[in-house]
Amino acid sequence: MTVVLETDIFPISGPEVKLVLDTPAGLVHATAECEDHKVTAVTLQNVPSVFILSDVETEEGIGRITSDIAYGGNFYAILPAEQAGVAIRLDQAKTLVDTGRRIRAALNEYVGDRVVHPENPGVRGVSHMMVTAEPTNPKTHKKNMVLYGPGGLDRSPCGTGTSARMAQMHFRGELALNREFVHESTIGSLFTGRLIGPARKVGPFDAVGLTVKGSAYIMGIQQFLLDSEDPFRKGFRLG
Amino acid sequence: MNLSGLLSCIDSHAGGMPNRIVVGGLPHVPGRTMADKERYLSQERDDVRQLLMSEPRGSATMAGVIVTEPVTAEADCGLIWIEPWGYPPGCGHGTIATATALAEAGILKPRGADNELVFDTVPGPIRVRLSLAGGKVKQVSVTYVPSFLQLDGATIQVEPWGKLTVDVAWGGCYYAILPASAIGLQVNRASYRSLVEAGKRLLPAVNGQLEVQHPEFPDIRQVHYVQFSGPPSLPEAHARNMVYLPPDSADRSPCGTGTCARMATLYARGELALNQDFGHESIVSSLFVGRLVGTTKVGPYQAVIPTLSGRGFITGLQQFVLDPTDPFPRGFLLG
């Protein structure tokens with residue numbers, strides 16, 4: 001949204017520009033706040049978010065782990081960082097990847113078929129794991145770090161993760177509707193979430209509607225090339 | 001879009017290791033010597049290095065070079081190497097990839113019957129020969145700086161391994177070299193993460209317990225990297241290695257300056273003769289071929305003149321910009 005407006009693919013027609021985006025998860029309604037041909041923030045209405053399972057207890061090498069499972073566009077296991085034996089700091093990223101993968105595997109084995117999207121059975125299993133902590137920045141409400149894919153760590157506060165986290169807190173009675181929820185990432189970047197009201201049920205689960213707001217920045221314009229003799233034409237992965 | 005900086009780069013790789021070449025956006029890097037230019041960049045424009053090497057534009061595995069005016073009459077341009085941790089004095093994979101990219105993009109014209117280019121660098125001029133076919137660079141052969149073994153079998157104490165013996169050699173950067181088997185590991189993909197973690201412990205221990213000082217360059221007095229060696233898997237290779245790159249990565253290429261340092265070490269031991277091919281394999285099984293073509297002296301040290309051959313490839317044309325409101329104007333690194 002920031003890129004298409006700042007590069008004039010869609011015009012910045014006023015201080016507030018609304019766009020509707022087709023995505024694999026459905027229509028996404030987004031609103032950009034604009035100033036001097038620049039997008040200062042984008043608020044998007046995410047898919048209704050759902051609290052799936054509470055207090056799932058699993059045994060892992062490092063001890064007993066209690067986590068909640070919520071959906072905010074992806075399935076998240078949410079647990080306090082100290083349970084995973086990590087702190088949310090730049091230098092602990094590798095530790096979280098290592099222990100997080102083990103916890104996620106143990107959890108998926110335990111929850112089995114109970115974590116399946118009721119309307120899209122292709123979406124199943126805990127794909128993302130979020131560890132949570134109290135914030136470092138006093139202007140924020142919670143801090144988090146998210147493990148996804150084989151060993152990826154979200155550098156941002158995680159949009160779908162913030163959605164899942166708000167649903168979890170809401171159904172636990174810890175977050176009311178229409179209140180700002182400022183979520184901090186490992187590197188100190190911020191997204192602001194807001195629960196906007198009850199949403200239609202997702203299968204048997206109560207759902208909540210929400211928005212997530214953040215800022216984005218253009219950092220380059222790239223032309224990727226492939227030399228016909230390059231031996232790494234499909235790239236490679238290490239580690 | 002509102003920009004507070006535009007840097008034009010050619011991205012390239014040699015042996016799988018990236019090399020980001022800054023060809024535009026820094027029109028003048030003052031300094032009479034390459035050391036002056038490096039000092040200027042590190043003191044006045046370190047933002048450029050941090051922006052291009054750190055996330056989100058770079059990564060712990062990024063490496064690059066800033067192209068400057070030459071400082072000697074024979075050179076085509078000057079090169080200042082950049083990495084996430086700072087300014088390494090030399091870079092072999094970068095020389096191969098930079099020569100390929102600047103010639104293929106037509107920025108530099110190879111000269112003479114041997115299609116030569118000369119780069120001014122902090123530790124002196126580097127001469128390269130290009131094998132060309134229809135404007136395409138098929139092979140780069142680099143004559144690198146005189147290389148020598150400085151500390152032969154030095155002992156360091158590092159937990160959890162206790163006493164370890166390392167060779168410290170110069171090949172354009174300083175390397176502490178030890179067999180991966182000394183810490184119970186092998187040089188292969190499965191050991192990648194364990195080798196990086198070992199490198200994190202070893203590099204500060206080496207610099208805390210051993211002293212190096214290049215006889216000709218007073219500012220070069222640190223060990224830059226740790227090189228783990230092991231037996232090759234490719235039939236055309238004589239050895240395999242992985243070089244730990246601080247803070248949290250490793251060279252994907254066979255490491256050019258590391259290959260020069262290793263060849264100097266093998267020569268000093270009588271294990272590598274002059275004018276013999278030395279095939280060096282990387283962690284991802286890419287290959288550079290080194291060769292010692294002469295001897296010389298550097299201060300009190302018996303030194304060898306190494307050459308290094310490999311191929312480089314252009315991977316992209318990049319315009320990096322910085323939004324003045326970007327909260328990470330110098331990027332960040334994890335790990």
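Chain letters run A, B, ... following the sequence lines, proteins first and then strands; every chain starts at 1.
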Side chain / backbone / both / neither for Phe320(B) at chain A, heavy atoms under 4.5 Å:
both
Comparing Leu317(B), Val284(B), Ile283(B) against chain A, the one with the most heavy-atom pairs below 4.5 Å turns out to be Leu317(B)
Of the listed residues (Arg155(A), Met219(A), Arg89(A)), which shares the most heavy-atom pairs with chain B below a 4.5 Å separation?
Met219(A)
Near Glu236(B) CD, under 6.0 Å, is it more than 12 heavy atoms from other residues, nucleotides or ligands?
yes
Closest approach of Arg57(B) and Ile218(A), non-hydrogen atoms and distance?
NH2-O, 4.4 Å
So, are Asp98(A) and Arg193(B) salt-bridged, with charged N and O less than 4.0 Å apart?
no
Which one wins on heavy-atom pair count under 4.5 Å against chain B: Thr40(A), Leu225(A), Leu153(A)?
Leu225(A)
For the student: nearest non-hydrogen atoms of Val321(B) and Gly220(A), plus distance:
CG2-N, 3.6 Å
Report the C-alpha separation of Ile187(A) and Glu55(B) in whole Å, then their side-chain angles, then the decisive distance to 0.1 Å, and conclude whether the side chain to side chain contact (heavy atoms under 4.5 Å, CB included) test is met.
CA-CA 11 Å; Ile187(A) 61 167; Glu55(B) 294 191 43; over 6 Å; no
For Gln222(A) versus Gln319(B), what's the shortest heavy-atom pair and its separation?
OE1-N, 3.9 Å
Might you confirm whether atom CG of Asn178(A) has over 12 heavy atoms from other residues, nucleotides or ligands at distances under 6.0 Å?
yes
Between Glu197(B) and Lys94(A), is there a salt bridge with N-O shorter than 4.0 Å?
no
Flag if over 12 foreign heavy atoms under 6.0 Å of NZ, Lys136(B)
yes
Can you confirm whether more than 12 heavy atoms, excluding those of Glu35(A), are under 6.0 Å from its CD atom?
no
Options Phe224(A), Tyr217(A), Phe232(A), ranked by heavy-atom pairs under 4.5 Å with chain B, top entry:
Tyr217(A)
Spatial distance of atom CG (Asp323(B)) from atom NZ (Lys38(A)) [nearest 0.5 Å]
3.5 Å
Relative to chain A, which of Asp11(B), Thr325(B), Val196(B) shows the most heavy atom pairs under 4.5 Å?
Thr325(B)
Contact check, side chains of Phe236(A) and Arg189(B), non-hydrogen atoms, under 4.5 Å:
yes
So for atom NZ, which belongs to Lys213(A), do other residues, nucleotides or ligands contribute more than 12 heavy atoms lying within a distance under 6.0 Å?
no
Find the distance between CG (Asp227(A)) and OG1 (Thr100(B)) and round it off to the nearest 0.5 Å.
9.5 Å
Tell me, for Arg237(A) versus chain B, whether the close heavy atoms (under 4.5 Å) come from the side chain, the backbone, both or neither.
backbone
